[in-house]
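As structure tokens, the structure follows; a few thoughts come after it.
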Amino acid sequence: MKHFGTKAYKAAKTKAAGRGGKTEAPLRGGGRLDAKTKGGGRATEVERSGDTGKLSAAARRLKRSGAPQKVLQVPQRDMAKARKAMRQAGIGGTVKSMSGTKRSRVRKPK
């Protein structure tokens, strides 16, 4: 399935990958992660829809990435939903606004 993203989505993925990083990085067992940095230290998923199901799926992809740093990037209005999705997926990480002005940490459950 080909994914046609908006300019904002593509720009966010590219910026998250950084120099030498990968966008659409493959995950074991199929599926793709939006962005992964060069050393694989940070995995980023960008979800602009605000749909609860899609946020949960993005959080699960972050969990499968195995990266020590996990970032879920969403529009500012959806940050609370994104935090909830990460908690439900059982992962810790950062929820970041699309503009990068707001960020909040989600603690890993014990």
Side-chain angles (χ1 to χ4, degrees):
M1 183 177 106
K2 225 175 182 143
H3 189 277
F4 299 104
T6 61
K7 280 184 183 178
Y9 169 74
K10 288 178 182 173
K13 279 197 316 184
T14 305
K15 188 172 185 203
R19 284 185 60 197
K22 274 186 161 182
T23 59
E24 296 294 323
L27 289 171
R28 266 204 333 249
R32 294 185 170 273
L33 195 63
D34 281 340
K36 204 162 192 179
T37 54
K38 188 176 181 181
R42 184 185 311 125
T44 305
E45 271 293 313
V46 180
E47 183 51 59
R48 299 184 70 238
S49 73
D51 179 81
T52 312
K54 289 183 179 179
L55 285 167
S56 295
R60 286 193 301 271
R61 283 193 295 275
L62 284 172
K63 188 174 187 174
R64 284 182 40 212
S65 73
Q69 291 180 13
K70 297 164 185 70
V71 180
L72 184 52
Q73 196 167 346
V74 295
Q76 193 172 323
R77 66 180 179 269
D78 299 325
M79 286 180 70
K81 284 186 199 172
R83 282 192 295 271
K84 188 175 179 183
M86 284 184 79
R87 274 192 219 103
Q88 285 176 338
I91 58 167
T94 303
V95 174
K96 187 173 135 182
S97 65
M98 289 299 291
S99 62
T101 55
K102 301 267 188 297
R103 59 182 59 228
S104 70
R105 198 166 123 228
V106 177
R107 299 193 92 179
K108 191 174 179 180
K110 300 222 165 153

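Pairs passing the side chain to side chain donor-acceptor pair (under 3.5 Å) check and including a residue from residues 29-43, sequence neighbours excluded, read Tyr9-Asp34, Arg42-Gln69.
For Ala12, the side-chain contact (heavy atoms from CB on, under 4.5 Å) test picks out Val46, Gln73, Met98, with sequence neighbours left out. In this view, Ser49 and Glu47 satisfy the side chain to side chain donor-acceptor pair (under 3.5 Å) rule, not counting sequence neighbours. Judged as a side-chain contact (heavy atoms from CB on, under 4.5 Å), and not counting sequence neighbours, the contacts of Ser56 are Arg60, Ala85, Gln88. Not counting sequence neighbours, the partners of Ala82 by the side-chain contact (heavy atoms from CB on, under 4.5 Å) test are Leu55, Leu72, Val74, Val95. Residues that satisfy the salt bridge (Lys or Arg N to Asp or Glu O under 4.0 Å) test with Glu45, not counting sequence neighbours, are Arg61. Scanning for side-chain contact (heavy atoms from CB on, under 4.5 Å) contacts around Ala8 gives Thr6, Arg48, with sequence neighbours left out. Take Ser104 and apply the side chain to side chain donor-acceptor pair (under 3.5 Å) test, not counting sequence neighbours, and it matches Arg83. When the side chain to side chain donor-acceptor pair (under 3.5 Å) test is applied to Arg103, no partner is found at least two apart in sequence or on another chain.
Not one N or O on the side chain of Lys96 forms a donor-acceptor pair closer than 3.5 Å with the backbone of Val71. At distances below 3.5 Å, not a single donor-acceptor pair connects side-chain atoms of Lys70 with backbone N or O atoms of Ile91.
Here the closest non-hydrogen pair linking Gly41 and Ala67 is O-CB, 4.0 Å. Minimum interatomic distance between Ala59 and Ala89 (heavy atoms only, all atoms of both residues): CB-CB, 3.8 Å.
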Start with the C-alpha gap between Leu62 and Leu33, add the side-chain angles, then the distance that decides, and say whether side chain to side chain contact (heavy atoms under 4.5 Å, CB included) holds. CA-CA 7 Å; Leu62 284 172; Leu33 195 63; 4.3 Å; yes
When you look at Met79 and Gln76, which way does the side chain to side chain contact (heavy atoms under 4.5 Å, CB included) test go after all the steps? CA-CA 5 Å; Met79 286 180 70; Gln76 193 172 323; 4.2 Å; yes
